[in-house]
Participant: 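The following block contains the structure, expressed as structure tokens.
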Number of protein chains: 2
Amino acid sequence: MVLADSGGIESLSMRKLAGELGIEAMSLYHHVKSKEDILDGMVDIVFGEMELPSPGEAWKTAMRRRAESTRAVLARHPWAIAILDSRTTPGPATLRYSDTVIGYLRAAGFSIPMAAHALSILDSYVRGFAMQEASLPLDPSGSIQAATESILEQQPMMSNAFPHLGAMAAELILKPGYAYGNEFQFGLGLILDGLERALATENGPQRGDAPAEGGAGSQSAAS
Amino acid sequence: MVLADSGGIESLSMRKLAGELGIEAMSLYHHVKSKEDILDGMVDIVFGEMELPSPGEAWKTAMRRRAESTRAVLARHPWAIAILDSRTTPGPATLRYSDTVIGYLRAAGFSIPMAAHALSILDSYVRGFAMQEASLPLDPSGSIQAATESILEQQPMMSNAFPHLGAMAAELILKPGYAYGNEFQFGLGLILDGLERALATENGPQRGDAPAEGGAGSQSAAS
DNA sequence: ACCTGAACACCGTTCAAGT
DNA sequence: ACCTGAACACCGTTCAAGT
């Protein structure tokens with residue numbers, strides 16, 4: 001049921017979906033309550049496709065794998081990115097996914113507030129990156145040459161009016177080796193390193209005082 | 001023109017927009033080429049509302065202000081979040097915005113690849129967070145109590161089937177003081193600290209060797 | 001130049017009617 | 001129980017026709 005339209009585009013309509021199923025028109029309403037129902041189910045299937053951490057792994061590699069798997073799944077189902085969190089009635093796969101990840105972090109030594117911090121930053125980053133990546137006009141090779149060049153040509157005063165943008169395009173983005181997708185690893189590594197540091201500070205602050213270190217782990221220390 | 005519908009919901013249609021303008025129907029097509037044109041213009045206005053860093057500031061506070069401003073603007077225009085990057089013809093405010101931020105980072109000592117890294121991680125995080133925040137069923141106070149409780153009640157076996165999710169809800173999210181919005185600061189601080197560290201490593205690697213430190217600043221060192 | 005009604009090809013959804 | 005045609009209230013867009 002999902003396969004048909006994730007392959008296709010976001011032009012999924014009740015009439016087309018019915019057509020795809022041999023069924024003729026709007027007898028879909030005997031099996032689902034509304035189109036929202038169908039989207040709920042599709043989102044739950046997407047969550048079901050994401051890799052879950054397995055108990056043995058070190059938390060950094062587990063979270064790295066989870067992030068990469070999420071990114072891959074969302075690249076396969078770009079329509080899901082904008083919808084993932086907005087469903088008000090999470091399905092069983094969604095609940096199971098969240099529960100497993102939280103349990104995994106707790107077992108790895110994260111307090112509840114720290115686990116919430118980790119989930120928030122990792123999921124925000126991964127979903128945000130997936131969104132930007134999905135909206136890139138890439139050719140199959142993963143480069144953005146064509147589109148960037150067309151923008152540059154559209155406005156030949158680019159290099160005058162927007163010199164820094166022009167320089168970044170010329171000296172980085174348009175270079176043969178560059179692919180935006182590679183930026184993912186840098187950010188993910190930075191975040192995981194930061195979490196490791198925050199975790200160490202929380203669990204054993206080497207120097208006994210340090211009342212509230214700036215930036216990480218400050219608020220919501222309640223409970 | 002934008003004001004009317006950003007106040008309202010995403011139920012913006014050509015007919016309603018025309019109605020709002022006294023104009024009667026589809027004479028809008030004499031002023032714009034298509035609805036896509038209108039969306040392009042609206043997105044450019046949204047970029048125009050975002051605070052730009054001013055040359056004097058330290059880069060960390062400048063980037064923090066930029067992130068907070070972006071989050072505030074996107075909270076004001078939730079419909080824009082999913083559309084921001086997907087416009088293929090960026091408007092003048094969009095180009096000016098990007099150019100200024102890149103120029104600012106360059107002046108603060110970021111190399112071009114490092115500036116690209118910083119832009120990618122900061123924008124992914126901020127947009128991703130804005131997305132998650134926008135999809136939260138918040139009451140005006142900023143708490144998620146009502147919605148979370150209704151989910152918990154919907155499935156009373158929660159605490160059995162999903163114990164860790166239940167624990168996080170009971171011991172953190174449902175506590176009076178908790179507001180998801182506060183998670184923003186933790187992640188932002190973590191990322192800015194990580195960028196500072198990556199920048200220091202790039203500019204002056206204290207210990208002369210260290211061929212490729214894990215995680216940050218590895219690939220795309222070309223040019 | 002600017003606006004307009006009618007029309008086209010679509011939507012999600014309801015509802016009485018068929019088997 | 002399951003499906004269906006017709007209908008309702010919408011979409012974005014085109015186009016010939018008005019002033």
Side-chain angles (χ1 to χ4, degrees), chain A residues 1-47 77-91 94 131 134-135 137 147 150 154, chain B residues 1-47 77-91 94 131 134-135 137 147 150 154:
Chain A
M1 207 165 187
V2 196
L3 315 175
D5 56 295
S6 22
I9 335 168
E10 191 47 339
S11 59
L12 158 74
S13 78
M14 298 299 270
R15 285 169 168 89
K16 282 183 196 157
L17 204 173
E20 200 88 1
L21 294 174
I23 237 171
E24 287 263 343
M26 40 288 281
S27 29
L28 290 167
Y29 286 88
H30 275 267
H31 306 99
V32 294
K33 217 185 61 185
S34 65
K35 193 178 183 181
E36 293 293 292
D37 251 41
I38 297 178
L39 293 179
D40 280 346
M42 287 166 59
V43 164
D44 205 49
I45 291 175
V46 168
F47 269 103
H77 308 298
W79 51 266
I81 302 173
I83 299 187
L84 257 199
D85 315 291
S86 63
R87 305 283 91 190
T88 48
T89 46
T94 307
M131 224 171 91
S135 68
S150 86
Q154 243 176 42
Chain B
M1 206 162 187
V2 196
L3 315 176
D5 56 294
S6 22
I9 334 170
E10 190 47 339
S11 58
L12 158 75
S13 77
M14 298 299 270
R15 285 171 169 89
K16 282 181 195 159
L17 205 173
E20 201 87 2
L21 294 175
I23 236 170
E24 288 261 344
M26 40 286 282
S27 28
L28 290 167
Y29 286 88
H30 274 268
H31 307 100
V32 295
K33 217 185 59 185
S34 65
K35 191 179 183 180
E36 292 292 293
D37 250 41
I38 297 180
L39 292 178
D40 280 347
M42 286 167 59
V43 164
D44 205 48
I45 291 176
V46 168
F47 269 104
H77 309 298
W79 52 265
I81 301 173
I83 299 186
L84 259 199
D85 314 291
S86 62
R87 306 283 90 191
T88 48
T89 46
T94 307
M131 225 172 92
S135 68
S150 86
Q154 243 177 44

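Both backbone and side-chain heavy atoms feed into the values below; hydrogens, waters and symmetry mates do not. Every chain is numbered from 1, with letters handed out A, B, ... down the list of sequences.
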Participant: From the list D:dT13, C:dT14, D:dG12, which nucleotide is the closest neighbour of the side chain of B:Ser34?
Facilitator: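 Ranking D:dT13, C:dT14, D:dG12 by closest atom to the B:Ser34 side chain puts D:dT13 first.
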Participant: Counting heavy atoms from C-beta on, name the nucleotide in D:dC3, D:dT14, C:dC3 closest to the side chain of B:Tyr29.
Facilitator: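 Taking heavy atoms from C-beta onward, the closest nucleotide is D:dT14.
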Participant: Check the distance between D:dC15's P and B:Met26's CE and give it to me in whole angstrom.
Facilitator: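 About 14 Å, once rounded to whole Å.
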Participant: Which of these nucleotides, C:dA7, C:dG12, D:dA6, is closest to any side-chain atom of A:Ser13?
Facilitator: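 Closest of the options to the side chain of A:Ser13: C:dG12.
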Participant: What is the distance from NE2 of A:His31 to P of D:dT4, rounded to the nearest Å?
Facilitator: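 Taking NE2 of A:His31 and P of D:dT4, I get 11 Å after rounding.
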Participant: Of the listed nucleotides (C:dT13, D:dC3, D:dG12), which one gets closest to any side-chain atom of A:Lys35?
Facilitator: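 Ranking C:dT13, D:dC3, D:dG12 by closest atom to the A:Lys35 side chain puts C:dT13 first.
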Participant: May I ask you to evaluate whether B:Ser27 reaches the phosphate of C:dC2, defined as a side-chain N or O under 4.0 Å from OP1 or OP2?
Facilitator: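 Result: no.
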Participant: On DNA chain D, does the nearest nucleotide to A:Gly22 precede the nearest nucleotide to A:Arg15 from the 5' side, or the other way round? Give the residue.
Facilitator: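 That would be A:Gly22.
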Participant: Could you tell me if the side chain of B:Met14 sits less than 4.5 Å from the side chain of B:Ile38, heavy atoms only?
Facilitator: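 Yes, side chains in contact.
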Participant: Within the 4.0 Å heavy-atom criterion, would you say A:Lys16 contacts the bases, only the backbone, or no part of the nucleic acid?
Facilitator: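 Sugar-phosphate, no base atom in range.
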Participant: Choosing from C:dT13, D:dT13, C:dC3, which nucleotide comes nearest the side chain of B:His30?
Facilitator: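 The closest nucleotide is C:dC3.
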Participant: Check whether any side-chain heavy atom of B:Arg87 lies under 4.5 Å from a side-chain heavy atom of B:Ile83, and answer yes or no.
Facilitator: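 Yes, at least one pair of side-chain atoms sits under 4.5 Å.
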Participant: Reading DNA chain C 5' to 3', what string of ( ), [ ], | and . shows its pairs, if Watson-Crick and G-U wobble pairs count only when both distances fall under 3.5 Å?
Facilitator: ||.|||||...|||||.||
